[in-house]
Amino acid sequence: MYRGFEEEERTMAQPVRTVCPHDCPDMCSMLAHVEDGRLVRVQGDPEHAFTGGFLCAKVNRYPERVYSPDRVLYPMRRTGPKGEGRFERISWAEALTAIAERWRAVGPDAILGYAYSGTMGLINRLLPTALFNALGTRKVELGTVCDSTSGQALAYTIGDVPGTDPESVINSDLVIAWGANIITTNVHMYPFIEQARARGAQFIVIDPYRNRTAERADWHIPIKIGTDAALALGIMHILVRDGLTDEAYLREHTVGFDQLKATTLPQYTPEAVAEITGLPVADVERLASLYGRARAPFIRLGLGMSRHTHGGMGVRAVACLPAVVGAWGKPGGGCLSETSAAFALDLAAVKRPDLHTRPGVRTVNHSRLGQELQDPSLKAFFVMANNPASSCPDQTAVVAGLSRVDLFTVVHELHMSDTARYADILLPACTPVEAEDLYRSYGHLYFQFGPQVVAALGESRPNRWVVAELARRMGITDPVFERSTEEHVTAMLAPMPERTAAEVMAGGPFRVPGHTGPVPTQFYSQAMVAAGLPGLPEWQPDPVAASEGAAFSLRLLTAPGYYQHHSHFAGVGFLQQREGAPTCLLHPQDAGARDIADGDPVELFNDRGFVGLYAKVTEAVQPGVAVVEGYRERSRYLSGGPVNVLTSGRLSDMGGGATYQSTWVEARKL
Ligand SMILES: Nc1nc2c(c(=O)[nH]1)N[C@H]1C(S)=C(S)[C@@H](COP(=O)(O)OP(=O)(O)OC[C@H]3O[C@@H](n4cnc5c(=O)[nH]c(N)nc54)[C@H](O)[C@@H]3O)O[C@H]1N2
Ligand SMILES: Nc1nc2c(c(=O)[nH]1)N[C@H]1C(S)=C(S)[C@@H](COP(=O)(O)OP(=O)(O)OC[C@H]3O[C@@H](n4cnc5c(=O)[nH]c(N)nc54)[C@H](O)[C@@H]3O)O[C@H]1N2
Ligand code: SF4
Ligand SMILES: [Mo]
């Protein structure tokens, strides 16, 4: 067919529809503009119902991430001491052969390897697990640095439900962001909240500090860290007292409420809860009253509130609330943590747990990597799409492990991350726009294929290519490593016969059905009792407060930066500049007591380490709390660092999760 000149032009300028690869609930559909084979601009996809035509402040700068001068573009071998970052270029063949030889020499029991969430593309993220399963190496319990506490708490309480469809929230008349910094970490949810507000809904933020989301709320409730369970139980106390419970819902869809009402709730009087949470009695009363009288209250449950000693119990208590008032099933009502359970994709088809046939192999908690890396029987470490030297708790232990001369470390990375500096062999990864993959959201109900947009830079390669090459060299013959993209997509789509791989790879986004109707809720959980946990929700003081809290008087709160995605954009100067120098928010009272003025260089320290940053003295943070937003490369701190030198390897009550917020520090002027 003849195509006129103008049409030709338009065709050439057509952007490619792809997917933002970040570990972010929004999973934006992204239009990538390419000129002469180069990514020149990205923009939001106006045709995506949830992500609605805009990208966040970080990913708007994506071409700068792709072409950043800090990219690692060739395989390299370390030439200087570990951590220094001196390397020489080698070929892929040399690199892969060296790895395979070493792995064969040390044997599977001495190998630990994994990929984490640098890319959320399912093939690239999950196929590395198949490799380590096939090799029979030590296993990594992934996700404990992020959402395992919350996930386990919700499993005990409401089972495997995807939560409220976020698009339905426009129908809610009371929206609560509970430990969720929506403007920073889930910005595409916000327009739905604004629509609900335009129809009269109130927007409440329950968060220890006035973050970007709290600044926009109708009401910010500055709760003390780790006291959410008490607040939720106090709300239940008042709802019972005032006859605001949905008795029919409780009778038909829940277990154990009568027991909770008889044994636990009487203790959680408004006065007792005010004392625990640091909130005025009147505010506890008002919140309960608003919640109990709302037609369809909605709670966006964030992960920040799950990252302390009793984080699981906190999440569980809050997740009980919708059942008390029968909010589930009412349009816009209920609660949402992650939507992942809505997708029937067969992920085991890529991860292949069936390939791991060696019994008795040790499982390693991701949050305890520091201890594991120091285990002398561990001889080889492989890390892909993760920067544990920045993001893992108990950083000093991680670095001590990575510094071991007898630990053979391979890192597959986009750029010279803090972890990459410790590699014996450093392999170049391509950004996800240089690869193709299937993505499914954990914050909305769409999945989408992201085609490759530009050719891979230098000799960089996607995770799956590296994994397939290593599998071949290790003599693994399972066909999963040789599958084409279409074969992988077909395998994952098997439980969804209504979609074909060809259709999914040609278009998208595709919506899956969300949850509707009641959600069976366990106020009493037999499974928790079997796991040695209290069967009913309760609040307990953090035991770390009595030990470390007695020695160091400020509680540390760490949270994602607005212009950063963990350490992913370290090489993008514009975003670094926007995020600014590393800072620590301190209340004027705490700053004054330490003779610290706004802008002063300060050091946060405890008995695990220290980190230097600039003080920002502000009433946005409550007395007794030090807030650090964003992660930077170690070299960007004024001293010590990164921030995770302060946090410990202690685990939460459920799901073995990290407890970043159970950290106490002291501050001094530098
Ligand atoms: N810009 C940006 N966006 C991101 C990321 C990023 O690095 N940068 N990371 C992504 C990832 S991997 C994740 S897991 C998500 C996380 O996103 P969220 O689920 O929003 O979790 P956080 O931002 O860690 O914490 C949210 C809020 O919880 C508050 N909080 C902390 N402790 C408590 C508490 O005890 N009680 C209450 N009520 N609140 C508390 C914090 O102050 C913070 O404001 O964000 C994703 N989005
Ligand atoms: N103190 C404290 N620590 C925290 C948190 C906190 O709230 N407080 N949050 C935690 C949370 S929620 C999370 S999820 C973790 C995140 O921790 P990490 O996963 O370590 O996060 P990133 O720093 O983004 O590291 C991902 C790396 O993958 C690389 N990468 C990107 N795409 C690819 C790819 O396709 N292939 C390969 N091979 N590499 C790629 C990026 O360059 C980046 O260096 O941090 C946790 N750490
Ligand atoms: S909001 Fe999240 S998914 Fe959307 S562009 Fe930003 S990082 Fe990507
Ligand atoms: Mo995360």
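Whatever order the structure lists them in is the order used to number ligands and atoms, beginning at 1.
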Just to confirm my output: which protein heavy-atom neighbour is closest to [atom], and how far is it?
{"atom": "atom 7 (O) of ligand 1", "result": "His566 N, 2.9 Å"}
{"atom": "atom 39 (N) of ligand 1", "result": "Pro208 CD, 3.2 Å"}
{"atom": "atom 4 (Fe) of ligand 3", "result": "Cys28 SG, 2.3 Å"}
{"atom": "atom 8 (Fe) of ligand 3", "result": "Cys20 SG, 2.3 Å"}
{"atom": "atom 26 (C) of ligand 1", "result": "Gly179 O, 3.2 Å"}
{"atom": "atom 35 (O) of ligand 1", "result": "Gly226 N, 2.8 Å"}
{"atom": "atom 44 (O) of ligand 2", "result": "Glu413 OE2, 2.4 Å"}
{"atom": "atom 24 (O) of ligand 1", "result": "Arg307 NH1, 2.8 Å"}
{"atom": "atom 45 (O) of ligand 1", "result": "Thr185 CB, 3.3 Å"}
{"atom": "atom 10 (C) of ligand 2", "result": "Val145 O, 3.2 Å"}
{"atom": "atom 13 (C) of ligand 1", "result": "Tyr442 OH, 4.2 Å"}
{"atom": "atom 42 (O) of ligand 1", "result": "Asp207 OD1, 2.6 Å"}

Atoms of ligand 3 less than 4.0 Å from [X] heavy atoms?
{"X": "His188", "answer": "1 (S), 4 (Fe)"}
{"X": "Cys56", "answer": "1 (S), 5 (S), 6 (Fe), 7 (S)"}
{"X": "Lys58", "answer": "7 (S)"}
{"X": "Val59", "answer": "5 (S), 6 (Fe), 7 (S), 8 (Fe)"}
{"X": "Cys24", "answer": "1 (S), 2 (Fe), 3 (S), 7 (S)"}

Heteroatom distance test ([X], ligand 2): nitrogen or oxygen, under 3.5 angstrom:
{"X": "Ser391", "result": "yes"}
{"X": "His412", "result": "yes"}
{"X": "Thr647", "result": "no"}
{"X": "Arg65", "result": "no"}

Margin query: Check whether Thr583 reaches the backbone of Lys616 with its side chain - one donor and one acceptor, N or O, closer than 3.5 Å.
Written below: no
Next item on the list: Please confirm whether the backbone N or O of Pro25 pairs with a side-chain atom of Ser441, one donor and one acceptor, at under 3.5 Å?
Entry: yes
Interfacing atoms of ligand 1 (cut-off 4.0 Å, heavy-atom, [X]):
{"X": "Leu303", "value": "14 (S), 18 (P), 19 (O), 21 (O)"}
{"X": "Trp178", "value": "38 (N)"}
{"X": "Tyr209", "value": "42 (O), 44 (O)"}
{"X": "Ile225", "value": "35 (O)"}
{"X": "Cys146", "value": "14 (S)"}
{"X": "Ile223", "value": "38 (N)"}
{"X": "Gly302", "value": "19 (O)"}
{"X": "Asp23", "value": "10 (C), 11 (C), 12 (S), 46 (C)"}

Item checked: Location of contacts on Asn387 toward ligand 2, heavy atoms closer than 4.0 Å -> both
Margin query: Side chain, backbone, both or neither: which applies to Asn463 and ligand 2 if a contact is any heavy-atom pair less than 4.0 Å apart?
Written below: side chain
Next item on the list: Go through Ser150 and Asp147 one step at a time and tell me if the side chain to side chain donor-acceptor pair (under 3.5 Å) criterion holds.
Entry: CA-CA 5 Å; Ser150 175; Asp147 59 358; over 6 Å; no
Measure from NZ or CZ of [X] to the centre of the six-membered ring of [Y], then state whether that distance is under 6.0 Å and the direction lies within 45° of the axis.
{"X": "Arg125", "Y": "Tyr116", "value": "yes"}
{"X": "Arg61", "Y": "Phe574", "value": "yes"}
{"X": "Arg212", "Y": "Tyr562", "value": "yes"}

Ignoring hydrogens, just give me the one of [options] whose non-hydrogen atom is nearest [atom].
{"atom": "atom 23 (O) of ligand 1", "options": "Pro560, Gly304, Gly630", "result": "Pro560"}
{"atom": "atom 8 (N) of ligand 1", "options": "Gln564, Glu579, His565", "result": "Gln564"}
{"atom": "atom 38 (N) of ligand 1", "options": "Val187, Asp228, Val59", "result": "Asp228"}

Next item on the list: Write down the atom of Pro451, the atom of Thr18, and the distance for their closest heavy-atom approach.
Entry: O-OG1, 3.3 Å
Item checked: Exercise: identify the closest heavy-atom pair between Leu31 and Pro46 -> CD1-CD, 3.9 Å
Next item on the list: Begin with the C-alpha distance, continue with both residues' side-chain angles, and end with the deciding distance and a verdict on side chain to side chain donor-acceptor pair (under 3.5 Å) for Glu434 and Thr431.
Entry: CA-CA 5 Å; Glu434 299 155 63; Thr431 69; 2.5 Å; yes
Notebook entry, point to check: Do the ring centers of His366 and Tyr114 come within less than 6.0 Å of each other?
Noted result: yes
Check: Using the benzene-type ring in the case of Trp, are the ring centres of His444 and His48 under 6.0 Å apart?
Finding: yes
Considering only heavy atoms of [X], which atoms of ligand 2 have at least one such atom less than 4.0 Å away?
{"X": "Met384", "result": "38 (N)"}
{"X": "Ala429", "result": "36 (N), 37 (C), 38 (N)"}
{"X": "Cys430", "result": "35 (O)"}

Check: How are the rings of Phe50 and His188 set relative to one another: parallel (under 30°), tilted (30 to 60°) or perpendicular (over 60°)?
Finding: tilted
Margin query: Does the plane of the ring in Trp92 sit parallel, tilted or perpendicular to the ring in Trp465? Use 30° and 60° as the thresholds.
Written below: perpendicular
Next item on the list: Check the surroundings of atom CD in Glu619: do more than 12 heavy atoms from other residues, nucleotides or ligands lie under 6.0 Å from it?
Entry: no
